[in-house]
Amino acid sequence: MKKQNFIVGSLILALSSFFAKVIGAVYRIPLTYILGAEGLGLYQMIFPLYSTLLVLCSTGVPNAIAKIVASGNGAQNRAVVRKSLLFFAGISLFMSLALALLSKPIATLQGNGDAWLVYVGIAPAIFFVGVLSVFRGYFQGKQNILPTSISLIIEQLFKLIFGLLFASLFISRGLMFGAFGAVLGVTLSEIFALVMIVIQYLFSRRKDTQNICENITVKSIVKTTIPMTISSMIMPLTLLVDSFLIINLLKHIGYSTSTATNMYGILTGVVNSLINLPVVLSMAVATMVIPIISKLHSNHQAHLVADKATSALRLVLFITLPCAVVFLVFPKDIIYFLFKNGLKVGVIDEYQVASNLLRIGAFAILFIALVQVATTILQSINKTKVPVYNMIGACFLKVMLTLVLVLIPSINIYGAMWSTLTCYVVCAILNLQNLTTCIKIKLSMQYDIVLPALACVMMATSMYAIKQIIGVGFIQTMTVFLVGGAMYLLTILLLNYRRTYDKQTIAKYFHNIKTL
């Protein structure tokens, strides 16, 4: 089984995750055409609870198993996988059955009872994702990111194919059935992804030693999983609270159930899916950081831990800063480019609502990415409780702000996005403050922050100028974004960004990577 270094592994996972997210975002465009904003709202209503249940039975699992495998706690990986499967498959099956059985009262509490059938369609996926996460953790711990990357892409491709197929077949029976067809595609996609990664595991496990390791117990695996699961669960729980609050709050200030569901669909199905595109790149970096820093920390190599943590933060800033600027400056262009025929102007101007939400959300991209990476670094050095406490405080603030802001008629749905932004700003500041007390981060204000920011200004300026010259349209918009990306990279090079990686730094960095 080939082990990838930090740069290669991060690049593979980043590209595959980004490609998977692009497929997911592309999927929502024709899905919006099929279901409309209200149908998309029904589709999106089920995901906060679905995501929360996934966290409970799967989200912390890959990182925990990766940490166990990478740190050498019980070197016999077959025992880790076998015992993890027994436990987490049982938990996942219980969650699937509970969601299906309680679907009607849950949908009613959220403000739109039509979502119950959508819950039934998505429920089996929880079991398959729970099992899938065990195998992903095994491969991540071996620093072989290819199986995870392949399964991600397969998952999204099959969701695209079967989700759109079933949605278009069932929509004639009503919005509820159309949304049901879409999530049925999600369930099938998880099945195909699981089959693929199991096949890869069966081929790769022959290279693992076959001696039995008595030190590996379900208790030890769960003990490692719990802190990471709690940390991962806080934001999905907060979004779950949002799914119960937002539609009901909007109805309280005078919006109809249909319009409130419509606005919730724009927020979660259109805008949040776009915001998650650049964020997934930072998540790839965070995923690769865990086994590497865990191993270095267990070997008491503090200086190398600092190097890897600094590299991860630097890479995240380099990736997410230009994305945030583009979303901030060109939200209308992005919305019209992607959802021209999916949104409409009716009771509300759906284009304008989506554009305004995206402009607010642009600020959140950078802070979400910083929260993700800082959290995983803290977890890797066994400071697991710190990011949990920080996120709990930030999310409590988010819920309070949502309750206050959404009830103000002039703010309405925008209050949900402002509260999200505030949450991540607060959490990022706290995480970074805690991180710098544990690790000597070596970021340069001049080269790692000011210079990329200046490159972003040049990028946005060139994009605006080109837009004024060539106008709007599909080809024109693509040209504007390509020019902007090229200008960002060119400006970085012209301003001697590479000098931050002087000969001593880059030689030391690659030497350390190769020794992992």
Side-chain angles (χ1 to χ4, degrees), residues 10 13-15 17-22 24-25 28 51 235-236 238-239 242 266-287 289 312-335 337-339 354-377 387 390-391 394-395 398 401 413-414 416-432 443 448-460 463 481 484-485 488-489 492:
S10 295
L13 187 57
L15 290 175
S17 299
F18 184 72
F19 182 57
K21 281 293 181 181
V22 168
R28 278 178 170 80
S51 300
M235 182 50 70
T238 306
L239 296 177
D242 275 354
I266 293 171
L267 170 67
T268 57
V270 175
V271 176
N272 285 352
S273 64
L274 292 175
I275 291 173
N276 286 334
L277 276 173
V279 170
V280 76
L281 298 175
S282 66
M283 196 62 222
V285 177
T287 300
V289 157
L313 290 170
R314 178 181 291 130
L315 190 57
V316 163
L317 288 170
F318 179 79
I319 291 171
T320 57
L321 194 58
C323 298
V325 170
V326 169
F327 281 26
L328 176 66
V329 179
F330 302 100
K332 286 186 177 181
D333 300 87
I334 294 170
I335 294 298
F337 177 68
L338 295 174
F339 298 96
S355 299
N356 293 341
L357 286 170
L358 187 58
R359 179 172 278 119
I360 300 169
F363 291 99
I365 292 172
L366 179 62
F367 295 101
I368 294 173
L370 289 173
V371 167
Q372 288 176 336
V373 175
T375 296
T376 54
I377 294 172
N390 292 342
M391 184 59 82
C395 286
K398 170 181 163 53
L401 284 174
I413 191 66
Y414 304 118
M417 185 59 80
W418 279 116
S419 66
T420 299
L421 172 61
T422 305
C423 167
Y424 280 110
V425 170
V426 170
C427 193
I429 292 172
L430 293 174
N431 276 4
L432 290 172
L443 288 176
D448 294 320
I449 298 175
V450 175
L451 197 150
L454 181 59
C456 287
V457 172
M458 296 296 294
M459 173 191 70
M463 291 175 70
F481 285 111
Y488 177 72
L489 295 175
I492 291 290

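Taken from CD1 in Ile449 to CZ in Arg314, the straight-line distance is 10.5 Å, to the nearest 0.5 Å. Here the CG-CG distance, from Asn431 to Leu370, works out to 9.5 Å after rounding to the nearest 0.5 Å. The CD1 atom of Ile413 sits 14.5 Å away from atom CH2 of Trp418, with the distance rounded to the nearest 0.5 Å. In this structure, CD1 on Ile335 lies 10.0 Å from CG on Asn356, to the nearest 0.5 angstrom. Rounding to the nearest 0.5 Å gives a distance of 10.0 Å between OG1 of Thr320 and CD1 of Ile368. Between Lys332 atom NZ and Ser355 atom OG the span is 6.5 Å, to the nearest 0.5 Å.
For Val371 against Ala428, the heavy-atom pair with the smallest separation is CG2-N, 3.4 Å. Arg359 and Val329 make their closest contact through NH2-O, 4.3 Å (heavy atoms, listed as atom of the first residue, atom of the second, distance). Closest approach of Phe367 and Tyr424 over heavy atoms only: CB-O, 3.8 Å. Annotation for Ser419 and Leu401: closest pair CB-CB, 3.6 Å, computed over non-hydrogen atoms. For the pair Leu328 and Ala362, the tightest heavy-atom approach, listed with the atom from each and the gap, is N-CB, 3.4 Å.
Between Phe481 and Phe330, the two ring planes are perpendicular [angle over 60°; tilted spans 30° to 60°].
Under a cut-off of 6.0 angstrom, the local environment of OH in Tyr414 is crowded, with over 12 non-hydrogen atoms contributed by other residues, nucleotides or ligands.
Contact check for Phe318 versus Ile492: side-chain heavy atoms found under the 4.5 Å cut-off. Side-chain atoms of Asn272 and Thr420, non-hydrogen and from C-beta on, never get closer than 4.5 Å to each other. Within the 4.5 Å cutoff, side-chain heavy atoms of Leu313 are placed close to those of Leu432. Contact of the Tyr488 side chain with the Val326 side chain is not registered, since no non-hydrogen atoms from C-beta on lie closer than 4.5 Å. In this structure, Leu338 and Leu274 have side chains that are in contact, with non-hydrogen atoms separated by less than 4.5 Å.
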Practice task
Start with the C-alpha gap between Met417 and Ile275, add the side-chain angles, then the distance that decides, and say whether side chain to side chain contact (heavy atoms under 4.5 Å, CB included) holds.
Solution key: CA-CA 11 Å; Met417 185 59 80; Ile275 291 173; 3.9 Å; yes

Practice task
Decide side chain to side chain contact (heavy atoms under 4.5 Å, CB included) for Leu317 and Leu321; before the verdict, give the C-alpha distance in whole Å, the side-chain angles of both, and the deciding distance to 0.1 Å.
Solution key: CA-CA 6 Å; Leu317 288 170; Leu321 194 58; 5.6 Å; no

Practice task
Begin from the C-alpha positions of Val426 and Asn390 and carry the test side chain to side chain contact (heavy atoms under 4.5 Å, CB included) through to its verdict.
Solution key: CA-CA 8 Å; Val426 170; Asn390 292 342; over 6 Å; no

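No hydrogens or angles considered: nothing links the side chains of Thr422 and Lys398 as a donor-acceptor pair under 3.5 Å.
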